[in-house]
Amino acid sequence: MIAEVIVDVAAYPIDRPFDYVVPERFVQVIHKGVRVKVPFGPRKVLGYVTSLKEESELDEKKLKPIDELVDLKPVISEELLQLSRWLSTQTLSYEIDALQVMLPAAMRATYEKYVIIERPEEIEHEQVLQFFTGRKRVPLKEANSSSLLNLLKQYETQGIVTIDTKVGQQTAIKKEPVIHIADRHVLDQLLASIHPNAKKQIELLEWMKGYTGQTIPRKQLLEQSSISPAVLKAVLEKEGGREELTEVYREPDAPSLQDTAIPVELTTEQRVALEKIIASAEEHRPETFLLHGVTGSGKTEVYLRAIKHVLAQGKEAIVLVPEISLTPQMTSRFKERFGSQVAVLHSGLSSGEKYDEWRKISRGEVKVVVGARSAIFAPFENIGIIILDEEHEATYKQEDTPRYHARDVAIKRAEFYRCPVILGSATPSLESYARATKNVYTLLTLTHRAKEQQLPSVTVVDMREELKTGNRSMFSVELADAIRVRLQKREQIVLFLNKRGFSSFVLCRDCGTAVQCPNCDISLTYHRANERLKCHYCGHEERVPVACPECESEHIRFFGTGTQKVQEEVSKLFPEARVLRMDVDTTRQKGSHERLLKEFSEGKADILLGTQMIAKGLDFPNITLVGVLAADTTLHLADFRAAEKTFQLMTQVSGRAGRHELPGEVYIQTYTPEHYAIELSKEQRYEPFYQLEMMQRKRFGYPPFYFVTLIQFTHEDLLKVADYAAKGVQFLRENLSPETIIIGPTAAAIGRMNNRYRYQCLIKYKNEPKLISTLQQLIKYYRTDWIKSGLLMTVDVEPASIY
Ligand code: ADP
Ligand code: ZN
Ligand code: ZN
């Protein structure tokens, strides 16, 4: 029997399965999808069996045998094997990367080298004998001098020692001792024969009689019987029980109660949406729904009901949420409803904890997975529904290879299991909404808040006016007044600083103009190094102006403020306010995110000041005021999604206020109040925003009218990077269809990073059947040849952003 194995070596030309002979002893037990240890050249590596066959096309005498089976049961199902093949093609990544992204990091391989003494009598050097000190196998890493290493190498060539690689797994299964308590008659016999002075032993045996034939963790037994380990040992020696190591899970948090949530009566809109989803599930249709509902419209309640239905059918559910909304508030809603059937996968878990959750899923011990992006690969084998909450979030796209989008993977898996996918959002991505309008997705709409609360009243404050009246503070008079009122009423305030894209564009403080590219209608990016403004869509470049091109004001400068600075100003203006700051700096420590939120929910602070991080998931009854300090910062990002991101963020942030009994108020400060993204986010008017934004996208040829693929080239040498980028573009021009638009090569927005120069090229296409094959060919040139010169090239199909 021959096994095709994908080996754990990511380098060209190895991106294909290799044939290995399956030794007789494994023939009965080997399966597709198990991990194996195999020789690869001089090394030993971990590999994945992707296929089993009768014979090889190669000379079988030359094939090497598999050394060892790592798993007896497949760790990758047939479905996931197929998916990995599809994923590596679609994202143009190595198959090994596509396989490994599906497994918890704990299961990746570790390689450790050992020196094995073969003929000890022939060793002459004292240093080498000391190294072994009577042992037969010693980790090579213990040899820490170069003279010793040299000696070992000599002995190796003479065959006196050999060097072997031990392939392991990063994290082990956790085991704990348990006691199997003997049967009643055994205990009775012992009690009859034991010396009456052994009082403690008698006490333990009497206690054990209450648990005959049962298995109890050793720790628990000692605690509950109040007996010392020595006594237990004595009783076990007399065979009153048997100690054994057993597999346990690391419990990331205490199990919670089942179904304590009081079921609410669904609103009519919720019911209609749910019925359509259930009908689709019943008919085994792989249908994708776009659940478009304003913030607080009860989308989560719809998810919960749909999942309940699917579980009743004996199937499983995957729920994806963006990492930053994996708050305890969010996950407890699932745990309340489904209890211990839920596994939560978030980045706060240790690698061991993630591994344990993965095993629970794989064994079918849980039925619902709630997690961030990679949870889409949860090893379920009977999926009944897949849900992506906040489907517009850029974090669903992985930035590193394999550069996959969780939405595409979800739809692919749903096709296999013939089950529905729900994409939920208050502000769907333009791509998804466009698909919904073309009936590729089924649109479900929730227009009202579930508890019939009013949407918060939103005021847009024109900061240009503030400046004219002499207010140079970052707080407008209106927002400052509103803050003062809340502080008096002891209601809570959220202040939001839009920090993404910080400092990267140049803005006039008098008229609000951001300096734009003449060809692209996109803000130019400020390059600090040479004080220039550049467009990385078309390559246009100019000097930073000294006066505003519109109004000639000299109040023109690059734009941005840090949260720390805001905090200082808040303390100056409102010395009595208690402020919590939540940004990357204050949440670096594990658990600090939760701690800050808890403090705020307990009313230990009046103001929560933060970045993107606080834009979603927060649901506290006492928040009645939300202030956005500068809405413009995302608006002028050098990104065709700038307006979309701004609209999404403003809508999301506003949604934090007045979710409960107290009415909410929102102030959005901006230098461009007339921009449609800001104007329309005031009343969460998604439709008109969509229409206007689609016109822009059409005009400039961006998604969803075109697909884009980004190719980036980096090199330490500026001339070389430009040269290879030009070669790459040349190749694309020659091989792709004439309708396909190729922009570049241009220097990237950040022209040099880590001392490497960066170039890029953008491919825009509507329908390009030759895309994947052409890119594969380009990558082949790169991997076999260009890479040797020190070039790095990445290909990102449908990138989340273009920097
Ligand atoms: P979304 O996910 O759309 O932002 P949620 O599902 O979080 O909305 O619902 C907002 C609030 O309304 C929550 O507190 C939720 O418990 C409540 N809710 C949801 N559906 C209903 C309903 N049918 N009746 C009453 N309250 C509801
Ligand atoms: Zn101006
Ligand atoms: Zn341009």
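We number each residue from 1, following the sequence as shown. Counting convention: from 1, in listed order, for ligands and their atoms alike.
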Legend entry - Spatial distance of atom CD (Glu679) from atom CD1 (Ile668) [nearest 0.5 Å]: 10.0 Å
Inset, instruction - Run the numbers for me: atoms of ligand 1, each under 4.0 Å from some heavy atom of Leu266, listed by number. - result: 23 (N)
Legend entry - Modelled atom types, side-chain donor and acceptor of Gln669 and Ser476, under 3.5 Å: yes
Legend entry - Electrostatic pair Glu644-Arg697, nearest N-O below 4.0 angstrom: yes
Legend entry - Ser297 touching ligand 1 at heavy-atom level, < 4.0 angstrom: yes
Inset, instruction - Give the single entry among Arg271, Glu301, Glu390, Arg333 that approaches atom 13 (C) of ligand 1 most closely by any heavy atom. - result: Arg333
Inset, instruction - Examine distances only and state if a side-chain atom of Arg641 and a backbone atom of Ala800 form a donor-acceptor pair shorter than 3.5 Å. - result: yes
Inset, instruction - Find out whether the Lys NZ or Arg CZ of Arg359 is both under 6.0 angstrom from the six-membered ring centre of Tyr355 and within 45° of the ring's axis. - result: yes
Legend entry - Option set Glu269, Glu265, Gln270, criterion heavy-atom distance to atom 20 (N) of ligand 1, minimum: Gln270
Inset, instruction - Go through ligand 1 atom by atom and flag the ones less than 4.0 Å from a non-hydrogen atom of Thr267. - result: 23 (N)
Inset, instruction - Can you sort out which atoms of ligand 1 are near Ala450, meaning under 4.0 Å from one of its heavy atoms? - result: 12 (O), 18 (N), 19 (C), 20 (N), 21 (C), 27 (C)
Legend entry - Between Thr427 and Gln648: side-chain donor-acceptor atoms closer than 3.5 Å: no
Legend entry - Per-atom contacts, ligand 1 versus Gly298 - under 4.0 Å to a heavy atom: 1 (P), 3 (O), 5 (P), 6 (O), 8 (O), 9 (O), 19 (C)
Inset, instruction - Please work out whether any backbone atom (N, CA, C, O) or any side-chain heavy atom from C-beta onward of Arg305 is under 4.0 Å from ligand 1, and answer side chain, backbone, both or neither. - result: neither
